[in-house]
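Everything below concerns the one structure shown next.
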Amino acid sequence: LDWDVVIVGSGPAGCSTALNLAKRAPALARRTLILERDQHPRHKLCGGGLVRDADVLLANLGLDLREVPHVDASWAHFHFRGHGARIKLSDIAFHIVRRAELDAWLAMHVRRRGVTIQEQTRVERLSSVEGGVEIQTDRGPVRARAVVGADGSKSIVRRSVCPDSRGNVARLLELLTPDAPIALPRDEAFFEFSCRDRGVQGYFWSFPTRVEGRPMRSWGVYDSRILSGAPHAALKSVCRDALEERGLRLGDHHFEAHPLRWFDAEQPMSIPHVILAGDALGADAVLGEGISIALGYGAIAADALADAFERSDLSFSTYRDRVLKSRLGRALVRRTRGARLLYGIEGGLRRRLFWWCVGPAMQGYVKRYVFNWATSDRA
Ligand SMILES: Cc1cc2nc3c(=O)[nH]c(=O)nc-3n(C[C@H](O)[C@H](O)[C@H](O)COP(=O)(O)OP(=O)(O)OC[C@H]3O[C@@H](n4cnc5c(N)ncnc54)[C@H](O)[C@@H]3O)c2cc1C
């Protein structure tokens with residue numbers, strides 16, 4: 001076969017798998033190829049919010065996020081009609097990067113550590129061959145003994161692992177505006193959950209950001225769609241109204257929409273010779289946070305690959321257990337359950353009461369049970 005490992009996608013999940021492989025099994029990393037549809041730096045629709053777990057995981061790889069242009073949100077406000085809490089995870093709430101810059105930086109480090117990335121190559125389908133997988137691309141076939149599907153929420157690789165998986169997909173809408181006044185200090189972020197009353201199983205957000213050195217704001221709506229059978233909310237009109245309340249017009253700005261797959265513990269996660277990572281397997285259902293999670297999946301996937309090649313057993317029959325028993329897997333299970341509970345509260349009054357009661361305890365809860373699952377290798 002051409003390669004021992006082919007990773008499909010060079011976003012945070014694919015790059016993290018490669019970087020962790022270079023750390024854990026350098027010889028295997030040199031026999032690893034990443035196939036990427038686009039070319040870095042490439043556009044990726046994303047708010048770019050990076051929580052402390054990402055700092056920890058990057059530090060474990062010897063990488064320092066300070067090399068990537070970013071701004072910091074000093075506080076994050078989680079609110080429902082004036083009730084809720086403001087939260088910090090360390091001395092700040094979270095960093096905000098532009099994904100084109102973060103992902104190009106990750107890909108540069110992947111190459112420096114000896115993993116080959118072939119850009120402008122779209123994977124079209126996978127088929128089984130003796131001892132591995134044949135990957136059909138728009139530039140011809142590639143054969144590998146193991147494949148990692150790190151190709152995002154619309155993953156092609158996922159179709160081989162679970163051909164009839166449907167649902168579990170959130171919708172997001174996002175736009176950027178020049179820095180605009182908000183009712184908070186400019187370096188703060190907010191997550192406003194009152195759009196739940198209009199059917200959104202999520203929130204409206206605003207973060208500070210910086211594009212080519214210019215201060216901007218990122219705005220958007222996240223709708224988890226986690227409650228099966230509930231009617232879909234009109235995201236565009238929710239977003240338009242939330243912007244108008246703040247003196248902005250949706251029509252004056254370019255907006256984009258994208259799906260996001262969230263984590264479901266019941267789903268298949270691998271088949272012989274193929275494993276999934278990142279959004280292809282599922283991100284956080286409560287907030288749609290997926291960058292630190294994709295970085296975390298990379299460490300799990302690399303361990304699974306290294307063990308599989310050491311034991312010459314590429315069945316990946318224990319991959320699901322490995323994911324579910326990891327600190328990341330346990331956090332994701334809690335978050336999917338949490339999203340069902342949070343967005344399942346019926347009635348405006350009950351929601352208000354919930355936010356009024358839990359608001360004061362929220363900082364402690366999210367620091368302990370939602371974030372901070374990543375552990376430092378130095379600890
Ligand atoms: C609007 C929006 C806002 C978001 N905001 C945040 C946020 O603020 N913070 C946060 O943590 N998360 C956020 N997320 C989620 C975050 O973007 C994802 O969880 C994260 O990008 C997952 O990384 P990944 O590597 O799994 O997938 P991706 O980043 O999607 O990378 C997949 C890679 O695979 C490549 N690829 C896809 N198909 C193929 C193919 N067929 N062949 C070859 N290559 C292929 C793509 O080009 C891409 O480079 C947001 C998502 C959206 C949609």
Side-chain angles (χ1 to χ4, degrees), residues 6-18 33-54 70 73 76 93-100 102-104 106-107 117-126 135-139 142 147-160 169-176 189 191 202-203 205-207 209 218-223 235 239 255-263 276-298 301 332 371:
V6 164
I7 300 170
V8 184
S10 64
C15 286
S16 171
T17 304
L33 170 71
I34 301 189
L35 295 174
E36 168 56 51
R37 179 187 59 196
D38 293 330
Q39 181 164 17
H40 292 288
R42 54 104 177 83
H43 170 65
K44 160 76 180 93
L45 188 67
C46 184
L50 263 189
V51 294
R52 201 183 145 267
D53 293 301
H70 66 275
F94 57 92
H95 313 288
I96 299 113
V97 294
R98 299 308 304 151
R99 282 296 299 280
L102 175 76
D103 292 17
L106 286 170
I117 305 182
Q118 183 177 314
E119 296 179 310
Q120 296 182 307
T121 308
R122 176 190 293 271
V123 169
E124 291 169 343
R125 66 179 178 279
L126 265 55
I135 303 141
Q136 284 302 334
T137 80
D138 58 358
R139 292 169 66 179
V142 180
V147 174
V148 181
D151 48 343
S153 288
K154 297 189 202 167
S155 173
I156 293 287
V157 179
R158 186 182 168 83
R159 289 184 206 162
S160 308
V169 175
R171 297 278 150 185
L172 294 96
L173 202 152
E174 191 193 341
L175 66 145
L176 291 172
F191 298 77
Y203 58 87
W205 83 73
S206 175
F207 303 162
T209 188
S218 143
W219 309 84
V221 189
Y222 168 74
D223 184 7
L235 293 195
C239 191
F255 71 88
E256 286 180 82
H258 202 273
L260 177 79
R261 175 170 296 284
W262 43 259
F263 182 78
L276 298 176
D279 280 4
L281 192 45
D284 153 51
V286 182
L287 299 173
E289 187 242 323
I291 308 173
S292 73
I293 285 161
L295 294 172
Y297 275 125
L332 285 169
F371 301 111

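For this chain, numbers begin at 1 and follow the sequence in order. For ligands, and for the atoms within them, numbers begin at 1 and follow the listed sequence. Since the model is a prediction, treat every value here as computed from it, not as a measurement.
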Could you list the donor-acceptor pairs under 3.5 angstrom formed by side chains in residues 276-286, with sequence neighbours left out?
{"unit_1": "Asp279", "atom_1": "OD2", "unit_2": "Ser153", "atom_2": "OG", "d": "3.3"}
{"unit_1": "Asp284", "atom_1": "OD1", "unit_2": "Val286", "atom_2": "N", "d": "2.9"}
{"unit_1": "Asp284", "atom_1": "OD2", "unit_2": "Leu287", "atom_2": "N", "d": "2.9"}
{"unit_1": "Asp284", "atom_1": "OD2", "unit_2": "Gly288", "atom_2": "N", "d": "3.3"}
{"unit_1": "Asp284", "atom_1": "OD2", "unit_2": "Glu289", "atom_2": "N", "d": "3.2"}

Handout entry: Set of residues that line ligand 1, where lining means a heavy atom lies under 4.0 Å from it
Key =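 Answer by chain and number: Val8, Gly9, Ser10, Gly11, Pro12, Ala13, Leu35, Glu36, Arg37, Asp38, Arg42, Lys44, Leu45, Cys46, Gly47, Gly48, Gly49, Arg99, Thr121, Arg122, Val123, Ala150, Asp151, Gly152, Ile156, Leu172, Glu174, Phe207, His258, Leu260, Gly278, Asp279, Gly288, Glu289, Gly290, Ile291, Ala294.
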
Handout entry: Side-chain ion pair, Arg42 and Asp103, N-O less than 4.0 Å
Key = yes

Practice task
For the pair Thr17 (side chain) and Ala13 (backbone), establish whether a donor and an acceptor sit closer than 3.5 Å, ignoring hydrogens and angles.
Solution key: yes

Practice task
Could you check whether the rings of Phe191 and Phe207 sit parallel, tilted or perpendicular, using 30° and 60° as the cut-offs?
Solution key: tilted

Practice task
Assign the ring pair Tyr222 / Tyr203 to parallel, tilted or perpendicular, where the plane angle (0 to 90°) is split at 30° and 60°.
Solution key: tilted

Practice task
Report yes if some heavy atom in the side chain of Val147 is under 4.5 Å from a heavy atom in the side chain of Ile135; otherwise report no.
Solution key: yes

